[in-house]
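The chain is numbered in sequence order, starting from 1. We use all heavy atoms of the structure for the numbers below, so side chains are in, but hydrogens, waters and symmetry mates are not.
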Amino acid sequence: MPYVDGFVLAVPKDNIEAYKALARTACAVWMEHGALDYVECIGDDLPYGTLTSFPRAVMAKEDEVVVFSWIVYPDRQIRDAVNAKVMADERFKSFGMPFDGKRLIYGGFTTLLQAGEMAG
């Protein structure tokens, strides 16, 4: 089953175009180095929960949007190799961060269940 890196972050609305440019470059870099899929989503229907929610998780401010993204790899070993190549890639080194990296939530996940096109 595939391995997935997931990310949730808050991007200032004034920086959305800069973030889109970053995402396009990041997508190209990860895909060239062996990722199977790369997805970036901008929050559209994110209720502010009483205890938990996407906006609460990243302490999103009124002038920010929540971004949810993930990268898919064949397995954890390939993910580790791909990420090592990405970190050494000159394009990655020049990434600017149009968001507060301290509020970025990320982690790696083993696939529990999968259906659809990528399920094979």
Side-chain angles (χ1 to χ4, degrees):
M1 294 284 266
Y3 194 82
V4 178
D5 278 336
F7 309 87
V8 182
L9 58 141
V11 178
K13 292 176 183 175
D14 290 347
N15 290 352
I16 288 297
E17 291 308 313
Y19 186 82
K20 287 179 183 178
L22 164 75
R24 282 189 290 275
T25 301
C27 179
V29 172
W30 259 271
M31 295 300 289
E32 286 174 26
H33 289 301
L36 297 176
D37 199 10
Y38 184 105
V39 179
E40 295 270 0
C41 306
I42 294 177
D44 179 55
D45 182 16
L46 303 177
Y48 196 85
T50 331
L51 292 176
T52 63
S53 66
F54 280 105
R56 278 188 179 280
V58 293
M59 297 182 287
K61 301 171 185 164
E62 287 293 320
D63 65 338
E64 293 178 323
V65 294
V66 176
V67 172
F68 174 53
S69 59
W70 64 92
I71 306 170
V72 180
Y73 312 87
D75 57 41
R76 167 88 188 258
Q77 184 178 4
I78 291 173
R79 176 267 214 157
D80 292 346
V82 167
N83 282 345
K85 291 176 188 175
V86 168
M87 296 302 153
D89 191 297
E90 290 300 318
R91 293 169 292 177
F92 181 79
K93 293 177 183 177
S94 66
F95 284 171
M97 296 240 306
F99 59 92
D100 180 359
K102 293 176 188 168
R103 294 185 283 139
L104 167 68
I105 298 171
Y106 63 92
F109 298 83
T110 301
T111 302
L112 172 69
L113 176 69
Q114 183 177 10
E117 290 182 30
M118 290 198 60

Using side-chain heavy atoms (C-beta onward) and a distance below 4.5 Å, is [X] in contact with [Y]?
X	Y	answer
D5	W70	no
V39	S69	no
C41	V67	no
D63	D14	no
I71	V4	no
L22	P98	yes
I16	V65	yes

Quick one: closest heavy-atom pair of [X] and [Y], and the distance?
X	Y	result
A10	E64	CB-OE1, 3.5 Å
S53	P47	CB-O, 3.4 Å
P2	V72	CB-CG1, 3.7 Å

Gap separating the [atom1] atom of [X] from the [atom2] atom of [Y], nearest 0.5 angstrom:
X	Y	atom1	atom2	value
K85	E32	NZ	CD	11.5 Å
H33	I78	NE2	CD1	14.5 Å
N83	F92	CG	CZ	8.5 Å
F109	Y3	CZ	OH	8.5 Å
K102	L9	NZ	CG	15.5 Å

Check whether any side-chain N or O of T111 sits under 3.5 Å from a backbone N or O of M1 as a donor-acceptor pair, and report yes or no.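 Checked: no pair found.
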
Just by distance, do the side chain of N15 and the backbone of A18 share a donor-acceptor pair under 3.5 Å?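 No, the answer is negative, given that no donor and acceptor are paired below the 3.5 Å cut-off.
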
With clusters defined by side-chain heavy atoms of hydrophobic residues (ILVMFWY) lying less than 4.5 Å apart, directly or transitively, does F54 cluster with M59?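 No: no chain of side-chain contacts under 4.5 Å links M59 to F54.
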
State, without any angle test, whether Y73 and W30 hold a side-chain donor-acceptor pair at a distance under 3.5 Å.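 Present: a donor and an acceptor within the cut-off.
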
Could you walk me through whether K13 and E62 pass the salt bridge (Lys or Arg N to Asp or Glu O under 4.0 Å) check? CA-CA 9 Å; K13 292 176 183 175; E62 287 293 320; over 6 Å; no

Determine, using ring centers only, whether F68 and F7 are less than 6.0 Å apart.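 No, ring centres 6.0 Å or more apart.
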
So that I can tick it off, tell me whether R91 and D89 are bridged by a salt bridge, with the cut-off set at under 4.0 angstrom between side-chain N and carboxylate O.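 Result for this pair is yes, salt bridge flagged.
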
Quick one: side-chain hydrogen bond (donor to acceptor under 3.5 Å, both in side chains) partners of Y38, sequence neighbours excluded?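 E40.
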
